[in-house]
Amino acid sequence: MTETIDRDAVRAGLAEGNLVLVDALPESYYTAQHLPGAINLVVGDVAAEAPRLLPDKAAAIVTYCSNPACANSGQVAAQLARLGYTDVRKYAAGIEDWVRAGLPTESGQPA
């Protein structure tokens, strides 16, 4: 089971620049709105794309999707852990919680 992280801890990690956010929603959702600096990585692409997008297996990684009912973030987190990533957590409340709190988001295509 992946450890969870709350909004305040995500905000602090972003401010300190010591975490990598992974948006686990399909690209169309990511393009419309994502957390600042997040990369887009969906469950079907983890094995192929994680080594390129997340080269540091010891980095603090936080996965998220839309809300607690969305399973994508947990699935991506579990796959990353199986690939040897050692510090993976899940922001279970997701982007809906972030937006409800009035926090900034970004839009645009994945890099």
Evaluate the side chain to side chain contact (heavy atoms under 4.5 Å, CB included) criterion for residues Q75 and V46: first the C-alpha distance (whole Å), next the side-chain angles of each, then the deciding distance (0.1 Å), finally the verdict.
CA-CA 10 Å; Q75 292 169 351; V46 173; over 6 Å; no
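- The heavy-atom pair separating P51 from A48 by the smallest distance is CD-O, 3.9 Å.
- V10 and I39 fall into different hydrophobic clusters, where Ile, Leu, Val, Met, Phe, Trp and Tyr are joined by side-chain heavy atoms under 4.5 Å apart, directly or via other members.
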Scan the side chains in residues 20-29 for donor-acceptor partners under 3.5 Å anywhere in the protein, sequence neighbours excluded, and list what turns up.
{"residue": "D23", "atom": "OD1", "partner": "L25", "partner atom": "N", "Å": "2.8"}
{"residue": "D23", "atom": "OD2", "partner": "Y64", "partner atom": "OH", "Å": "2.8"}

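- Summarising the local packing, CZ of R11 is surrounded by 12 or fewer heavy atoms from other residues, nucleotides or ligands at distances under 6.0 Å.
- Interatomic distance, CG of L41 versus OG1 of T63, reported as 9.5 Å (0.5 Å rounding).
- Across all non-hydrogen atoms, the minimal contact from T105 to I95 is CG2-CD1, 4.5 Å.
- The nearest pair of heavy atoms linking A78 to T2 is N-OG1, 4.2 Å.
- In this structure, A71 and C65 approach most closely via the heavy-atom pair N-SG, 4.4 Å.
- Although no hydrogens or angles enter the test, the distance criterion places no donor-acceptor pair under 3.5 Å between the side chain of W98 and the main chain of H34.
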Chi angles and distances behind the side chain to side chain contact (heavy atoms under 4.5 Å, CB included) call for I61, L19
CA-CA 6 Å; I61 298 169; L19 62 79; over 6 Å; no
Give the C-alpha distance, both sets of side-chain angles, the deciding distance and a yes or no for side chain to side chain contact (heavy atoms under 4.5 Å, CB included) between L35 and E106.
CA-CA 6 Å; L35 272 60; E106 297 175 343; over 6 Å; no
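- Among all heavy-atom pairs drawn from A58 and D56, the shortest one is N-OD1, 2.9 Å.
- The backbone N or O of S107 sits nowhere less than 3.5 Å from a side-chain atom of Y30 that would complete a donor-acceptor pair.
- Between D6 and Y91 there is no side-chain heavy-atom pair separated by less than 4.5 Å.
- Residue L14 comes nearest to P36 through the heavy atom pair CD2-O, 3.8 Å, listed as atom of the first residue, atom of the second, then distance.
- In this structure, the separation between OG on S73 and CG on N67 is 9.0 Å, given to the nearest 0.5 Å.
- A side-chain donor-acceptor contact under 3.5 Å links K57 to the backbone of L83.
- L80 has its side chain within reach of L54: a pair of non-hydrogen atoms, C-beta onward, lies under 4.5 Å apart.
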